[in-house]
Structure formats: C-alpha cells, structure tokens
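Take a look at the structure below.
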Number of protein chains: 2
Amino acid sequence: MVTTSEAEALERHPELADLCPMPDIAKLIGGKWKLIILQILIFKGTKRFNELRRMIPGVTQTMLTNQLRALESDGLITRKVYAEVPPKVEYTATQRALDLEEMFHAMHNWWLKADG
Amino acid sequence: MVTTSEAEALERHPELADLCPMPDIAKLIGGKWKLIILQILIFKGTKRFNELRRMIPGVTQTMLTNQLRALESDGLITRKVYAEVPPKVEYTATQRALDLEEMFHAMHNWWLKADG
DNA sequence: GGATATAGTATTGAAATTGATACTATTGGA
DNA sequence: TCCAATAGTATCAATTTCAATACTATATCC
C-alpha cells in the first residue's frame with residue numbers, strides 16, 4: 001500500500017485536526033439507503049416497515065431490513081415490535097437522528113440553489 | 001423485483017414531494033472519499049495532487065484520481081495543470097462546492113454534540 | 001377454502017466499488 | 001550516474017454492497 005496513515009497525515013498537516021472525521025460519519029449515514037430512511041423518519045415521523053418500503057423507490061425488503069438494523073445499532077432509530085398478527089413493527093428516529101435536521105436543511109438548501 | 005417505483009411512491013405519498021432527492025445527492029457527494037476531499041478543498045483551499053494524497057489517510061493514487069475526476073465532471077472542483085516537470089496539478093473547490101460549507105458545519109456540529 | 005397482508009430470514013448470485021501493482025516521463029540533486 | 005519526486009494510467013484482483021428468490025407464521029376478508 002502506498003498510502004498515508006492517519007498519524008502521519010496529522011503530523012504533517014496539523015491544520016487538519018479541526019476537521020471532523022468524514023470516514024466515521026460516512027459509516028453512520030453513508031450508503032445508498034440510510035439518508036433517505038432517516039430523512040423520512042425525521043421529517044415524516046414514525047413509520048411501519050412496509051410503509052417505508054412503499055415510500056422508498058427501488059428498495060428491496062432485504063436491504064431495508066439491513067439498513068434499519070444498522071441504523072438501530074448505531075442509535076439513530078428505535079424499533080418497536082407489537083405482538084400482533086399480522087406483525088407490526090414501527091421505526092422512529094431517536095434524538096440523535098433528529099439532531100441531523102440542521103444538516104438535512106443545509107443539504108436541501110444546497111440542492112435547491114442549483115436545481116431551482 | 002418487489003419494489004416501488006418513484007411514481008408510485010409519490011402518488012401514494014404526496015407528502016414526500018418536499019423532500020430533496022437523496023439518491024441524486026448521494027451520487028454527487030457519496031462514496032468513501034468525496035466528502036473528505038471536498039472538506040479539505042473547501043476549508044483548506046487549493047491543493048496539489050500529492051498534497052491531497054498525503055492528507056487523506058488510506059487513499060490510493062488510483063482512487064484519488066477517480067474521485068477527483070468524478071468531482072470535476074460534476075462541477076464541484078476544478079483541475080489546473082501546469083506545463084512543468086515534474087508535473088504540477090492543482091485542485092480547487094468551485095463555488096458550487098463552497099456552497100456546501102453550511103452542510104459541513106451542520107455535520108461538524110452534529111458530530112461534536114455526541115463526540116464531545 | 002384460498003388469497004392477501006404483515007415483517008421478516010436465509011441463501012445465492014450479481015454488480016459496483018475499492019485496492020494493489022507495475023508502469024510512464026522528465027528534472028534536479030547527491 | 002543513479003535516485004527521488006511528480007501526476008498520473010492500465011490492469012487485475014479483492015472486497016463490499018446490493019439484489020433476487022424462496023420461505024416462514026397467522027389473522028382477516030371474500
């Protein structure tokens with residue numbers, strides 16, 4: 001590997017220390033589906049599994065389950081299972097996720113600025 | 001495929017229309033390296049290729065080239081080649097990228113809020 | 001009775017992303 | 001004279017992500 005380690009990078013470029021760690025952030029909210037899931041749960045409130053599935057174009061059951069589980073284990077959403085038949089499971093954004101609202105607004109404004 | 005099309009999603013959930021299209025945004029700034037490249041060029045100014053390489057831990061030459069080209073073709077950075085030997089190429093954030101500053105700030109605040 | 005809806009899991013396979021390695025050219029310095 | 005530095009490209013391999021399919025259980029509706 002012909003790359004730089006994080007220690008080397010910081011040693012040679014101490015001015016980078018004030019930048020927040022993008023790779024860590026990307027692990028939490030990166031990927032094809034996490035942002036759109038969060039966006040819906042943050043701005044449109046609690047949703048059931050199949051509601052989300054129908055709201056997100058192109059997502060498969062498998063991927064939706066995977067991503068929801070990942071978001072749950074990162075503390076961004078909660079999962080509430082009702083002991084009913086047919087099954088009922090609700091997903092809700094945690095406070096940590098709600099704190100992302102500002103970022104989503106900034107993104108939204110940025111998008112509008114170019115897209116009209 | 002057992003998924004929903006975008007038309008169906010919007011027909012059944014018209015309230016989704018005010019949310020900006022995350023998949024489109026992800027295409028521009030998603031992926032493992034684009035955010036960190038933009039962060040550096042936006043907040044630390046113009047950089048040469050090898051400067052970036054040394055500032056970004058773990059990135060390979062191949063990937064850095066790929067991502068820079070993609071960012072360039074999306075209008076987020078400019079590439080200036082100097083007719084010198086050894087070669088000198090400088091990368092600079094465009095205004096479109098500089099407009100992302102607000103989003104980066106929001107992200108930064110969000111990160112600090114939890115990480116201390 | 002049979003279809004439908006729910007929220008999944010498990011398995012397999014395909015596709016996209018990412019990484020490693022070797023190679024290019026030329027100049028300046030030891 | 002030989003080596004390092006620059007900014008790449010080309011090729012192939014590995015990894016990660018993503019998708020398709022089939023399967024589960026039970027209650028309600030027609």
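We name chains A, B, ... by the order of the sequence lines, and we start the count at 1 in each one.
Summarising the geometry of B/E11 relative to B/P14, their closest heavy-atom pair is O-CD, 3.7 Å, with the distance given to 0.1 Å.
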Contacts table for residues 79-95 of chain B: side-chain donor-acceptor under 3.5 angstrom, sequence neighbours left out:
{"residue": "B/R79", "atom": "NE", "partner": "B/Y91", "partner atom": "OH", "Å": "3.2"}
{"residue": "B/Y82", "atom": "OH", "partner": "B/E90", "partner atom": "OE1", "Å": "3.0"}
{"residue": "B/T92", "atom": "OG1", "partner": "B/T46", "partner atom": "OG1", "Å": "2.9"}
{"residue": "B/T94", "atom": "OG1", "partner": "B/G75", "partner atom": "O", "Å": "2.8"}
{"residue": "B/T94", "atom": "OG1", "partner": "B/L76", "partner atom": "O", "Å": "3.1"}
{"residue": "B/T94", "atom": "OG1", "partner": "B/R96", "partner atom": "N", "Å": "3.4"}
{"residue": "B/T94", "atom": "OG1", "partner": "B/A97", "partner atom": "N", "Å": "3.4"}
{"residue": "B/Q95", "atom": "NE2", "partner": "B/D99", "partner atom": "OD1", "Å": "2.9"}

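Around atom CD of A/E6, no more than 12 heavy atoms belonging to other residues, nucleotides or ligands sit under 6.0 Å away. More than 12 heavy atoms of other residues, nucleotides or ligands sit less than 6.0 Å from atom CD of A/E72.
Secondary-structure stems of DNA chain D, taken as three or more successive Watson-Crick or G-U wobble pairs (i with j, i+1 with j-1) under a 3.5 Å distance threshold, comprise C:1-5 with D:26-30, C:7-24 with D:7-24, C:26-30 with D:1-5.
Taking CD1 of B/I25 as the reference point, atom CD of A/Q39 lies at 7.5 Å (rounded to 0.5 Å).
At least one donor-acceptor pair closer than 3.5 Å links the side chain of B/K34 to the backbone N or O of B/K27.
For B/K44, the salt bridge (Lys or Arg N to Asp or Glu O under 4.0 Å) partners two or more places apart in sequence, or in a different chain, are A/D18. In this structure, the side chain to side chain contact (heavy atoms under 4.5 Å, CB included) partners of A/H108, at least two apart in sequence or on a different chain, are A/L112, B/C20.
Side chain to side chain, B/N50 and B/R53 meet the donor-acceptor criterion of an N or O pair below 3.5 Å.
Taking atom CE of residue B/M63 and atom C1' of nucleotide D/dT16, one finds them 12 Å apart after rounding to whole Å. Look at CD on A/E84: it is 18 Å from P on C/dA5, rounded to the nearest Å.
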Which is it for B/M107 and A/M22 under the side chain to side chain contact (heavy atoms under 4.5 Å, CB included) test, yes or no, and what are the steps along the way? CA-CA 9 Å; B/M107 229 179 226; A/M22 282 303 147; 3.7 Å; yes

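The stretch residues 23-40 of chain A touches DNA chain D through A/K32, A/W33, each having a heavy atom under 4.0 angstrom from the strand.
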Heavy atoms under 4.0 Å is the rule here; annotate nucleotides 5-14 of chain D 5' to 3' with B where the base is hit, S where only the sugar-phosphate is, and - elsewhere. -BBBBB----

